[in-house]
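What follows is a single structure, written as structure tokens, with notes after it.
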Protein chains: 2
Amino acid sequence: MKMSAGVEWAVHCCVVLSQADGPVPTARLAELHGVSRTYLAKHLQQLSRAGLVRSTEGRDGGYLLTKDAAEVSLLEVVQAVEGPEPAFRCTEIRQNGPLAARPAACRSACGVARAMAAAEHAWRSSLAGVSVADLAAGVVEDNGRQAFVGLRDWLARGRG
Amino acid sequence: MKMSAGVEWAVHCCVVLSQADGPVPTARLAELHGVSRTYLAKHLQQLSRAGLVRSTEGRDGGYLLTKDAAEVSLLEVVQAVEGPEPAFRCTEIRQNGPLAARPAACRSACGVARAMAAAEHAWRSSLAGVSVADLAAGVVEDNGRQAFVGLRDWLARGRG
DNA sequence: CGAACGCGGATAGTTGTCATCCGCGTAGGA
DNA sequence: TCCTACGCGGATGACAACTATCCGCGTTCG
């Protein structure tokens, strides 16, 4: 059970976008994080389709957060990249074999699926409780207040 | 982010084993659940290596739970099949690029990794709170008390 | 001894992730 | 008007993981 590495990239990009003054192009985000430009573009497109991010086309274009960073939860970012499907998929094996449960008893999900769903709900709730703004605050806590000052300078240099 | 289908098989097998009077061979478990015998064998070997299940070799051999069903958590079964690695793997991209965080600031995990780890901890806690005995009780609740009577009969017919 | 069983390795088919490239449309500046 | 920088979507391919099967080996019991 592994999460795509694109999730990590997407989250960090959202944190950076929360500090940007204008649109940030893919190439800048890729250079900043030291990752593949073309592949990062794919994940940014996913964020765009999910509505978390807005793209400005044409020259001087780039990406912007669509909402305030405090309104964007980590869960939204993860699901934009990973998709909404739960990790556990019940195949209803209780309906297989010689002792198959009667369909009448299968109107509700089986106990195994219920327990798995509850665990994933706990996971999603935890992610939903963290916003991009919280993550940005964590960076300041770890790296000092001037951490984002350097970032804004570097982004502005790109716009020359 | 998908979980292996083998997890579902393994969990259902544990519930069945909790109701068995003696060793149950792989072929019987596979027939009962309508799944591939050879592939299920792989997952049962994983449970065996994890110590959740004990194998009796030779003729009339098969699998037994090593502990009381109330002592076996769903988390143990999931991790026996899926492995212990977390779904999110931090690649420390904060140390990449022109504005890399100083190594000194990276002694602790980055905020993103911390949030992800907290969510996975919530997931594991939820799974740890459910035992195989709880799942068996759920089957009785859904299918009536005689659900496992038929199962025990069917398993005994195999030993006939 | 023979039959039934678990164990481990070898082997593929299929799917999903990771990554790259190209052509297209769009917007701003010279 | 043209050029350039940019996002978008499709096509493509390398690689790993999951899914599935088979075989030979050792063990146990009648």
Side-chain angles (χ1 to χ4, degrees), chain A residues 1-10 13 17 20 22-31 33-64 66 78 81-83 85 87-89 91 93 155 158-160, chain B residues 1-10 13 17 20 22-31 33-64 66 78 81-83 85 87-89 91 93 155 158-160:
Chain A
M1 196 181 55
K2 318 180 326 190
M3 190 176 293
S4 160
V7 170
E8 184 183 12
W9 301 5
C13 283
L17 291 180
V24 184
T26 305
R28 218 93 238 277
L29 289 169
E31 185 189 357
H33 292 120
V35 301
S36 153
R37 191 191 109 265
T38 54
Y39 191 37
L40 176 61
K42 292 293 179 202
H43 296 305
L44 292 172
Q45 283 172 32
Q46 291 179 289
L47 294 181
S48 177
R49 275 195 289 272
L52 298 179
V53 133
R54 195 165 56 79
S55 66
T56 309
E57 288 200 354
R59 186 178 152 171
D60 296 348
Y63 287 99
L64 292 164
T66 50
V78 169
V81 176
E82 279 291 308
E85 307 87 25
F88 178 83
R89 298 144 298 164
T91 63
I93 64 178
L155 290 175
R159 286 194 296 276
Chain B
M1 196 181 55
K2 318 181 329 191
M3 192 176 293
S4 159
V7 170
E8 185 184 10
W9 301 5
C13 283
L17 291 180
V24 184
T26 306
R28 218 94 238 274
L29 289 169
E31 186 189 356
H33 292 121
V35 300
S36 153
R37 190 189 110 265
T38 53
Y39 191 36
L40 177 61
K42 292 294 179 202
H43 295 305
L44 291 173
Q45 283 172 32
Q46 291 180 289
L47 295 182
S48 177
R49 275 194 288 272
L52 298 178
V53 133
R54 194 166 56 81
S55 66
T56 308
E57 287 200 354
R59 185 177 152 175
D60 297 349
Y63 288 98
L64 292 163
T66 50
V78 169
V81 177
E82 279 291 308
E85 307 86 24
F88 178 83
R89 298 145 297 164
T91 63
I93 65 178
L155 290 175
R159 287 193 296 275

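Chain A is the first sequence line, chain B the second, and so forth, proteins listed ahead of strands; every chain is numbered from 1.
The side chain of Tyr39(B) contributes an N or O atom lying less than 4.0 Å from OP1 or OP2 of dT19(D). Here Ser4(B) does not reach the OP1 or OP2 of dC18(D): none of its side-chain N or O atoms lies under 4.0 Å away.
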Side-chain donor-acceptor pairs of residues 36-55 of chain A under 3.5 Å, sequence neighbours excluded:
unit_1	atom_1	unit_2	atom_2	d
Ser36(A)	OG	Thr38(A)	OG1	3.4
Ser36(A)	OG	Tyr39(A)	N	3.1
His43(A)	ND1	Gln46(A)	OE1	3.0
Gln46(A)	NE2	Val81(A)	O	3.4

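Two residues, Leu40(A) and Tyr63(B), neighbour DNA chain C, and the one matched to the more 5' nucleotide by heavy-atom proximity is Tyr63(B). Heavy-atom nearest nucleotides on DNA chain C were determined for Asp60(B) and for Glu82(A), and the one closer to the 5' end corresponds to Asp60(B).
Lys42(B) contributes no side-chain N or O that forms a donor-acceptor pair with the base of dG6(C) under 3.5 Å.
Between Glu8(A) and Ile93(B) the shortest heavy-atom distance is OE2-N, 3.8 Å. Shortest non-hydrogen contact noted between Ser4(A) and Glu82(A) is N-OE2, 2.7 Å. Of all heavy-atom pairs between Leu155(A) and Ala20(A), the closest is CD1-CB, 3.9 Å. Leu17(B) and Tyr63(B) make their closest contact through CD2-O, 3.4 Å (heavy atoms, listed as atom of the first residue, atom of the second, distance). Nearest heavy atom pair, residue Trp9(B) against residue Val35(B), reads CE2-CG1, 3.6 Å.
Between the CE atom of Met1(B) and the P atom of dA17(D) there is a distance of 17 Å, given to the nearest Å. For the pair Arg59(B) CZ and dC1(C) C1', the computed distance is 13 Å after rounding to whole Å. Taking atom CZ of residue Arg37(A) and atom C1' of nucleotide dA19(C), one finds them 12 Å apart after rounding to whole Å. The nearest whole Å value for the distance from the NZ atom in Lys2(A) to the C1' atom in dT15(C) is 13 Å. Between the CE atom of Met3(A) and the C1' atom of dA17(D) there is a distance of 17 Å, rounded to whole Å. Remark: P of dT19(D) and CZ of Arg89(A) are 7 Å apart, rounded to the nearest angstrom.
In this structure, Ala41(A) reaches neither bases nor backbone, as no heavy-atom distance under 4.0 Å exists between it and the strands shown. Here Ser36(B) lies in heavy-atom contact (under 4.0 Å) with sugar-phosphate atoms only.
Residues from residues 43-58 of chain B lying near DNA chain D, meaning a heavy-atom separation below 4.0 Å, are Glu57(B), Gly58(B) in numerical order.
In this structure, the nucleotide among dC29(D), dC21(C), dG6(C) sitting nearest to the side chain of Thr26(B) is dG6(C). Ranking dC5(C), dA27(C), dA4(C) by closeness to the Pro25(B) side chain, first place goes to dC5(C).
Note that NZ of Lys2(A) is 4.5 Å distant from CZ of Arg89(B), once rounded to the nearest 0.5 Å.
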